[in-house]
Amino acid sequence: MSQLRAAAAAGGLRRSGGRAVPAARRSRKGASPRGGTQAPPPTPHVFSDPAEIGALRRNLLAWYDRCKRDLPWRTLAATEPDADRRAYAVWVSEIMLQQTQVATVIDYYNRWMQKWPTLQALAEASLEEVNELWAGLGYYSRGKRLQEAAKKVVSELAGRMPRTAEDLQKLLPGVGRYTAGAIASISYGQATGVVDGNVIRVLCRLRCIGADSSSPAVIDQLWDMANALVDRSRPGDFNQALMELGATVCVPKAPLCRECPVKQHCRAWRRVEKELAFASQKLFGKPTPVPDVEDCGVGGCPLCPPAMEPWDSSLGVTNFPRKAAKKQPRVARTATCVLERRGCHGAPEYLIVQRPSSGLLAGLWEFPSLPLDQDLQEEKQREALADHLRAWTGWPVVAGGLRFVGEVVHIFSHIHQTYVVYSLPLDGDVTLDPALTPSRWVTEEEFHASAVSTAMKKVLKAREKQRGEESSPGKGSKRKRATKPQGANSTRPGTQLSLRAFLRPPTSP
């Protein structure tokens, strides 16, 4: 346990109440008011054996050397001799990878590094350029904060990146504890751990941590564990190996436990194996009880699963980690109008406006939009949008002129957004006060090249689909051939007569 406590003491800054606090000044939850410390976690939930820690490091790193994915940021981190460029390359990848899958990030990362290969190049870019490249990647504030931090490094730190996780977190806006640890360990070789979603899953399974993995107490213990486990000679590789294990083997559902290089250190896996052995013995009539040495045995343990949520044998290792029930996203409705006109070559052009510089989708471009009350009827929606457009453009917009396109649903991380889409063709130009609302007319190609959100791309797609349906005949509407009027007994060539018609006597001419 001394090794674990020493590693925790070296952990540097920790989040407390939304601000960074030095480790020496913080107090743990439950600490004695007279300076006493919280009781250490029960042995089953920690790594206390130095021999086991050493074996886990060797096994994990050997697997990583054999199986790691070839990713562009790893190549840059391994080959770039300049420490500042190396840290910048890792930093960009870590910001892009937050809440986004690796497969999606690769193309964005390559385009970014080709356009802005250095901190200095990024600092000179405009926010509009950053938003345009980031468009479609989601969580747009990440790109904005990244550029703000790059400007600070260039203007205030003489272009030199901070060299420790503590300074990275303290000096760079938008850099939290995880990002700081990743940059410091991968770029500078600092022996500091990292804790992200993949690491949380791996560590919780390794040590049967079944309490809410998003709670501060559990996160605290996981950081202590990560700092204790990190390999001192290859900290960057070890941290990447731990994350790689969670991303490719120790996945949320259907983990590949038999392929895991550290399964012999996994208490969740050992419990599954013992249950299978017991079931096999019972099948052959030898019901020998197997003592469950993996149970914590400490009443009220803050790291064990809640008593009302016991181990579920059908879930196996996926009993861990446990999470609190996810908060349902807020439901929102927005009226959006695709204002369009005919361009000089006959192709449609669209009016887009820029969102405020703060808040959701800050600084991005969109079609004119208006938030709606949830219970507003369709007729009232049209009237509200017409009033908004009339006040905004100065044009005599009437509700009846708005053509309903459809509803477009887009799910943000915390908002279930429905866009009620209308279209409105205009015969002339609309000039808005740029100081009030920046706006511009764009072609379809220019629209997609602009810093627009995925939601707005869905809106335009809905309008273009409607236009396509209007310009082409629908199914089953093929034009019938014209036929000459015929008498009661006349038939077209090739028409088969009914029996009654065949027997009817011919009429006089």
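This structure is a prediction, so every number in the text was calculated from the model and none was measured. The residues of the chain are indexed from 1 along the displayed sequence.
Within the structure, every pair that satisfies the side chain to side chain donor-acceptor pair (under 3.5 Å) test and touches residues 114-128, not counting sequence neighbours, is listed here: Ser126-Glu129, Glu128-Trp365. A side chain to side chain donor-acceptor pair (under 3.5 Å) check over residues 199-218, counting only residues at least two apart or in different chains, returns the pairs Glu52-Arg207, Asn198-Arg201, Asp212-Ser214.
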Practice problem: Apply side-chain contact (heavy atoms from CB on, under 4.5 Å) to Lys68 and Gln240, showing your working. | Solution: CA-CA 9 Å; Lys68 64 182 176 183; Gln240 290 183 91; over 6 Å; no
Practice problem: Go through Thr334 and Ser369 one step at a time and tell me if the side-chain hydrogen bond (donor to acceptor under 3.5 Å, both in side chains) criterion holds. | Solution: CA-CA 7 Å; Thr334 298; Ser369 300; over 6 Å; no
Quiz item: What's the verdict on side-chain contact (heavy atoms from CB on, under 4.5 Å) for Val153 and Met161, showing C-alpha distance, side-chain angles and the deciding distance?
Solution: CA-CA 6 Å; Val153 172; Met161 288 280 290; 4.1 Å; yes
Exercise. Apply salt bridge (Lys or Arg N to Asp or Glu O under 4.0 Å) to the pair Lys380 and Asp387, showing each step before the final yes or no.
Key: CA-CA 10 Å; Lys380 296 295 184 181; Asp387 290 343; over 6 Å; no
Quiz item: Can Arg342 and Glu349 be said to form a salt bridge (Lys or Arg N to Asp or Glu O under 4.0 Å), step by step?
Solution: CA-CA 6 Å; Arg342 285 292 169 187; Glu349 292 182 344; over 6 Å; no
Quiz item: Would Glu446 and Trp441 satisfy side-chain contact (heavy atoms from CB on, under 4.5 Å), going step by step from the backbone distance to the final call?
Solution: CA-CA 9 Å; Glu446 290 168 339; Trp441 288 96; over 6 Å; no
Quiz item: Taking it one step at a time, do Ile209 and Leu203 satisfy side-chain contact (heavy atoms from CB on, under 4.5 Å)?
Solution: CA-CA 8 Å; Ile209 297 176; Leu203 296 182; 5.7 Å; no
Quiz item: Do Arg440 and Ser450 pass the side-chain hydrogen bond (donor to acceptor under 3.5 Å, both in side chains) test, and can you show the C-alpha distance, the side-chain angles, and the key distance before you say yes or no?
Solution: CA-CA 11 Å; Arg440 66 175 190 256; Ser450 300; 2.7 Å; yes
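Checking side-chain atoms of Asn227 against main-chain N and O of Gly193 turns up a donor-acceptor pair under 3.5 Å. One N or O on the side chain of Arg142 and one on the backbone of Leu137 form a donor-acceptor pair closer than 3.5 Å. Listed for the Asp373 side chain is no donor-acceptor partner under 3.5 Å among the backbone atoms of Leu376. Remark: the backbone N or O of Gly316 is paired with a side-chain donor or acceptor of Asn319 at under 3.5 angstrom. One N or O on the side chain of Gln190 and one on the backbone of Ala165 form a donor-acceptor pair closer than 3.5 Å. Formation of a donor-acceptor pair under 3.5 Å by the Ser187 side chain with backbone atoms of Ala184 is not found in this model. For the pair Gln101 (side chain) and Ala103 (backbone), a donor-acceptor distance under 3.5 Å is absent. One N or O on the side chain of Gln466 and one on the backbone of Phe404 form a donor-acceptor pair closer than 3.5 Å. Without hydrogens or angle criteria, Gln147 side chain to Ala125 main chain gives a donor-acceptor distance under 3.5 Å. Of the possible polar contacts, one joining the Gln354 side chain to the Gly363 backbone as a donor-acceptor pair under 3.5 Å is found.
For the residue pair Lys457 and His448, no side-chain donor N or O sits within less than 3.5 Å of a side-chain acceptor on the partner. Of the N and O atoms on the side chains of Gln374 and Arg333, not one donor lies less than 3.5 Å from an acceptor on the other residue. No side-chain N or O of Ser185 forms a donor-acceptor pair with one of Thr192 less than 3.5 Å apart.
Across every non-hydrogen atom of Gly136 and Thr454, the tightest pair is CA-OG1, 3.6 Å. Taking all atoms of both residues into account, the shortest heavy-atom contact from Glu94 to Thr179 is CB-CG2, 4.2 Å. Across all non-hydrogen atoms, the minimal contact from Pro348 to Tyr350 is CG-OH, 3.6 Å. When all heavy atoms of Pro306 and Gly210 are compared, the pair lying nearest together is CD-O, 3.8 Å. Residues Cys250 and Pro255 share a closest heavy-atom pair of CA-CB, 4.2 Å. When all heavy atoms of Val194 and Ala182 are compared, the pair lying nearest together is CG1-N, 3.4 Å.
Looking only at side-chain heavy atoms (C-beta outward), Tyr178 and Val195 stay at 4.5 Å or farther from each other. Contact annotation: the side chain of Ile186 never approaches that of Asn239 to less than 4.5 Å [non-hydrogen atoms, C-beta and beyond]. The closest side-chain heavy-atom distance from Trp91 to Val175 is below 4.5 Å. For the pair Arg86/Leu76, no side-chain contact is recorded, criterion being any heavy-atom separation below 4.5 Å from C-beta on. By the 4.5 Å heavy-atom criterion applied to side chains, Trp112 and Leu122 are counted as neighbours. A 4.5 Å side-chain heavy-atom check between Ile411 and Gln417 finds every atom pair outside the cut-off. A 4.5 Å side-chain heavy-atom check between Leu389 and Pro368 finds at least one atom pair inside the cut-off. Annotation: side chain of Trp73 is not in contact with side chain of Val90 (no heavy-atom distance under 4.5 Å).
With a 6.0 Å radius and a threshold of 12 heavy atoms from other residues, nucleotides or ligands, Gln377 has its CD atom at or below the threshold. Atom NZ of Lys458 sits in a crowded spot, with more than 12 heavy atoms from other residues, nucleotides or ligands closer than 6.0 Å. Open room surrounds NZ on Lys465; 12 or fewer heavy atoms of other groups in view lie less than 6.0 Å from it. Environment of CD in Glu378: crowded, with over 12 heavy atoms of neighbouring residues, nucleotides or ligands closer than 6.0 Å.
With rounding to the nearest 0.5 Å, the separation of CG in Leu424 from CZ in Arg403 is 12.0 Å. Separation of atoms CG (Leu127) and CG (Leu364) is listed at 8.5 Å; rounding is to 0.5 Å. A distance of 12.0 Å separates CD in Glu148 from CG in Leu172, rounded to the nearest 0.5 Å. Of the inter-residue distances, the one linking Phe238 atom CZ with Met243 atom CE reads 10.5 Å to the nearest 0.5 angstrom. Remark: His388 NE2 to Leu385 CG distance equals 7.0 Å, nearest 0.5 Å. Considering CE of Met456 and CD1 of Ile352, their distance stands at 11.0 Å, rounded to 0.5 Å.
Salt bridge status for Arg177 with Glu166: absent, with no side-chain N to carboxylate O gap under 4.0 Å.
Taking the ring centroids of His414 and Phe412, they lie at or beyond the 6.0 Å cut-off. Taking the centre of each ring, Phe367 and Phe447 come in below the 6.0 Å mark.
Cation-pi geometry between Arg111 and Tyr108 is met: the NZ or CZ atom falls under 6.0 Å from the ring centre, inside 45° of the normal.
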